[in-house]
Amino acid sequence: MKSNKEIMDYAEEAILHTYNRFPVILDHGDGVYLYDVEGKKYLDFAAGIAVCAFGYNVKEYNDALKAQIDRLIHVSNLYYTEPMAEAAHKLTEACGLKKVFFTNSGTEAIEGAIKLARKYAWTRDNGSTDHEIIAMNHSFHGRSIGALSVTGNPHYQEAFKPLIDKVVFAEYNNLEDVISKITDKTCAIIMETIQGEGGIYPADKEFLQGIRKICDEKDILLILDEIQCGMGRTGKMFAYEYYDVKPDILTVAKALGCGVPVGAFVAGEKVEKAMVAGDHGSTYGGNPLAAAAANVVFDMFKSRNILDNVNEVGGYLEQKLLSLVEKYDFIKETRGMGLMRGLEFDIPVGDIVSKCIASGLLIISAGANIIRFVPPLVITKEHVDEMFTALDGVLAQL
């Protein structure tokens with residue numbers, strides 16, 4: 001049996017070094033716990049970065065995938081499959097929009113949303129190609145060139161310019177600033193309903209409703225990125241439901257497949273016919289295995305009353321985090337919704353995260369000074385208590 005170091009060295013020989021991975025080699029999971037190759041147990045409060053909504057080794061989910069593997073894994077989008085049709089209907093029913101394009105990732109969903117917005121404007125304006133998109137500072141939408149172009153963080157962009165042009169950035173939660181950036185060329189405004197990588201910042205209700213109003217008045221498309229904050233994480237299936245608005249285009253991924261790579265962009269009635277045959281494609285997008293994962297995910301949300309659990313346990317998690325804010329003067333605040341929470345520090349959190357992992361708690365950061373809590377949506381109050389004890393133990397030693 002290879003040692004941990006041998007396995008890590010073996011991986012580094014062949015894998016492009018684009019991640020500074022923690023020195024943990026995970027082997028299997030059960031419930032909300034993960035185990036490394038030496039059998040050490042970890043309470044998971046990261047969920048594969050908000051992906052594994054039901055945790056690990058869940059029989060209903062596993063059985064659905066195994067059954068689909070025995071039937072059909074892939075045929076391409078040259079043909080229809082029943083799993084894809086069912087998944088599309090479940091997604092449109094859940095979000096209230098009209099037509100779905102399945103992708104392999106959140107980044108690809110963003111790419112498709114950008115293309116859909118530009119195609120709508122191109123058709124409306126008789127072939128004009130000088131349209132602008134407004135995006136938000138401190139946003140994160142993915143790592144491809146198109147997604148980077150609407151990501152409001154120069155650090156991610158600087159080595160990869162030139163990006164796609166005609167993208168203008170505005171201040172999140174500053175409606176006046178957004179309005180000041182709108183011109184007669186603006187075709188879309190893209191934003192996360194809750195900024196994730198940017199620090200767990202929910203949109204203010206007045207801000208998002210104001211953007212929806214100005215978009216309606218000026219025929220501008222509203223693209224809401226719910227790749228991280230969607231699929232039940234906030235206590236509603238999609239976070240925008242709290243704001244009494246609806247996007248023209250929605251992007252979703254992560255917990256849509258709960259570990260099987262699948263994403264989607266969903267078009268509302270206004271834009272559902274903008275793309276036609278040949279405008280977009282994906283060899284793997286919505287293949288039977290990915291669609292089977294999405295189908296069982298939607299079924300399990302209902303059968304297991306996941307949203308009720310998120311609301312109950314999310315409120316409990318908030319109270320425990322507030323007690324840490326009160327206890328430690330180097331913690332500034334906590335914010336978020338449901339089981340998407342951030343804890344902001346006056347100090348860098350990298351060492352805190354590493355010490356928590358060493359103690360058997362998996363947590364992740366959002367930026368240099370924020371710990372992000374995005375656990376499986378099935379956690380209990382007892383799991384919150386277990387997390388709190390571990391984190392408090394690390395903080396007490398600072």
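Numbering of residues begins at 1 and proceeds along the displayed sequence. These values consider heavy atoms only, across backbone and side chains, with no hydrogens, waters or symmetry-generated copies.
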Sorted by first residue and then second, give each side chain to side chain donor-acceptor pair (under 3.5 Å) pair with at least one member in residues 223-242; sequence neighbours left out.
His141-Asp225, Thr193-Glu226, Asp225-Thr251, Gln228-Arg372
Step by step, work out the side-chain contact (heavy atoms from CB on, under 4.5 Å) result for Ile352 and Leu398.
CA-CA 9 Å; Ile352 298 171; Leu398 296 180; 3.7 Å; yes
Do you know which two heavy atoms are closest between Ala203 and Leu208, and how far apart they sit?
CB-CB, 4.4 Å
Any chance you could lay out the side-chain contact (heavy atoms from CB on, under 4.5 Å) test for Lys320 and Asp385, step after step, and finish with the verdict?
CA-CA 8 Å; Lys320 299 298 281 189; Asp385 289 338; 3.7 Å; yes
For the residue pair Lys205 and Tyr243, would you count it as a cation-pi contact if the rule is NZ or CZ under 6.0 angstrom from the ring centre and within 45 degrees of the ring axis?
no
For residues 184-206, which residue pairs qualify under ring pair (Phe, Tyr, Trp, His ring centres under 6.0 Å), counting only residues two or more places apart or in two chains?
none
Please test Lys119 against Asp279 for salt bridge (Lys or Arg N to Asp or Glu O under 4.0 Å), starting from the C-alpha separation and ending with a verdict.
CA-CA 9 Å; Lys119 179 64 188 303; Asp279 278 345; 2.4 Å; yes
Please check if any side-chain donor atom of Tyr120 sits under 3.5 Å from a side-chain acceptor atom of Glu272, or the reverse.
no
Heavy-atom check, side chain of Leu395 versus side chain of Phe330, under 4.5 Å:
yes
Side chains of Phe45 and Val374: closer than 4.5 Å at any heavy-atom pair?
no
Indicate if Val178 and Leu221 have the same hydrophobic cluster label, given that clusters are the connected sets of ILVMFWY residues with side-chain heavy-atom separations under 4.5 angstrom.
no
Ignoring hydrogens, what is the shortest heavy-atom contact between Ala274 and Leu116? Give both atom names and the distance.
CB-CD1, 3.8 Å
Answer whether the closest heavy-atom distance between the side chains of Cys229 and Glu192 falls below 4.5 Å.
no
Here the pair of heavy atoms bringing Ala264 nearest to Val100 is CB-CG1, 3.9 Å
State plainly whether one hydrophobic cluster holds both Ile114 and Ile211, where clusters connect Ile, Leu, Val, Met, Phe, Trp and Tyr through side-chain heavy atoms under 4.5 angstrom apart.
no
Please determine whether salt bridge (Lys or Arg N to Asp or Glu O under 4.0 Å) holds for the pair Lys59 and Asp63, giving the CA-CA distance in whole Å, both sets of side-chain angles, and the decisive distance to 0.1 Å.
CA-CA 6 Å; Lys59 187 176 188 304; Asp63 286 349; 2.6 Å; yes
Can a side-chain donor-acceptor contact be found between Gln195 and His138 if the only test is distance below 3.5 angstrom?
no
One should read off an interatomic distance between Arg212 CZ and Leu222 CG, to the nearest 0.5 angstrom, of 5.0 Å
Are any of the side-chain heavy atoms of Asn369 and Ile347 separated by less than 4.5 Å?
no
Roughly how far apart are Phe301 CZ and Met237 CE, rounded to 0.5 Å?
5.0 Å
Donor-acceptor contact below 3.5 Å, side chain Ser3 vs main chain Glu6:
yes
Decide if atom NZ of Lys218 counts as having more than 12 heavy atoms of other residues, nucleotides or ligands within a radius under 6.0 Å.
no
Geometric cation-pi criterion, Lys41 with Tyr35: 6.0 Å, 45°
no
What do you reckon, is CZ of Arg71 surrounded by more than 12 foreign heavy atoms closer than 6.0 Å?
no
Let's go through His74 and Thr283 carefully: what are the C-alpha distance in whole Å and the side-chain angles of both, what is the deciding distance for side-chain contact (heavy atoms from CB on, under 4.5 Å) to 0.1 Å, and is it a yes or a no?
CA-CA 9 Å; His74 178 74; Thr283 297; 4.0 Å; yes
Test side chain to side chain donor-acceptor pair (under 3.5 Å) on Asn137 and Tyr172; report intermediate values, then the result.
CA-CA 6 Å; Asn137 289 328; Tyr172 191 74; over 6 Å; no
Parallel, tilted or perpendicular: ring planes of Phe101 versus Phe265, cut at 30 and 60 degrees
parallel
CG of Leu362 to CG of Leu34, rounded to nearest 0.5 Å, is 6.0 Å
Nearest 0.5 Å, please: how far is CD1 in Ile200 from CZ in Arg341?
10.5 Å
Would you call Asp130 and Lys185 a salt bridge, taking side-chain N to carboxylate O under 4.0 Å as the test?
yes
Cut-off 3.5 Å, side chains only: do Asn153 and Thr151 have a donor facing an acceptor?
no
ILVMFWY cluster, Ile164 and Ile220 together (side-chain gap under 4.5 Å)
no
Is the closest side-chain heavy-atom distance between Ile133 and Thr186 below 4.5 Å?
no
Under a plain distance cut-off of 3.5 Å, with no hydrogens placed, do Lys166 and His131 share a side-chain donor-acceptor pair?
no
Shortest non-hydrogen pair, Ala255 vs Val297, comes out as O-CG1, 3.5 Å
When you check the side-chain N and O atoms of Asp44 and Tyr56, is any donor under 3.5 Å from an acceptor?
yes
Can you find a side-chain donor-acceptor pair between Tyr316 and Asn311 that sits under 3.5 Å?
no
Please test Asn77 against Tyr284 for side chain to side chain donor-acceptor pair (under 3.5 Å), starting from the C-alpha separation and ending with a verdict.
CA-CA 8 Å; Asn77 281 303; Tyr284 293 111; over 6 Å; no
When you measure from the centre of the six-membered ring of Phe298, is the NZ or CZ of Lys90 under 6.0 Å away and within 45° of the axis?
no
Pairwise distance CD(Gln209) to CD1(Ile214) - rounded to 0.5 angstrom
14.0 Å
Counting only heavy atoms not in His155 (residues, nucleotides, ligands), do more than 12 fall under 6.0 Å from its NE2?
no
Taking a hydrophobic cluster as the set of Ile, Leu, Val, Met, Phe, Trp and Tyr residues connected by side-chain heavy atoms closer than 4.5 Å, whether directly or through intermediates, do Val252 and Leu307 fall within one such cluster?
yes
Lys NZ or Arg CZ of Lys181 over Phe169 ring: under 6.0 Å, within 45°
no
Whether over 12 other heavy atoms sit under 6.0 Å from Glu206 CD
no
Would Tyr328 and Phe345 count as a ring pair (Phe, Tyr, Trp, His ring centres under 6.0 Å) if you check the C-alpha gap in whole Å, the side-chain angles of each, and the deciding distance to 0.1 Å?
CA-CA 9 Å; Tyr328 296 104; Phe345 289 69; 8.5 Å; no
So, for Gly199 and Ile370, which heavy atoms are closest and what is the spacing to 0.1 Å?
CA-CD1, 3.5 Å
Are any of the side-chain heavy atoms of Ile15 and Arg21 separated by less than 4.5 Å?
yes
Going by heavy atoms in the side chains, are Ile110 and Val150 under 4.5 Å from each other?
yes
With side-chain contact (heavy atoms from CB on, under 4.5 Å) as the test, would you mind laying out the steps for Met340 and Phe373 before giving the verdict?
CA-CA 6 Å; Met340 183 177 181; Phe373 301 86; over 6 Å; no
In the structure I gave you, are the side-chain heavy atoms of Leu377 and Arg304 within less than 4.5 Å of one another anywhere?
no
Measuring from Met300:CE to Glu60:CD, what's the distance to the nearest 0.5 Å?
4.5 Å
How close do Pro288 and Pro83 get, heavy atom to heavy atom, and via which atoms?
O-CB, 4.0 Å
For the hydrophobic clusters of this structure (ILVMFWY residues joined by side-chain heavy atoms under 4.5 Å, transitively), does one cluster hold both Phe207 and Ile223?
no
Under 3.5 Å donor-acceptor, Glu111 side chain and Gly146 backbone
yes
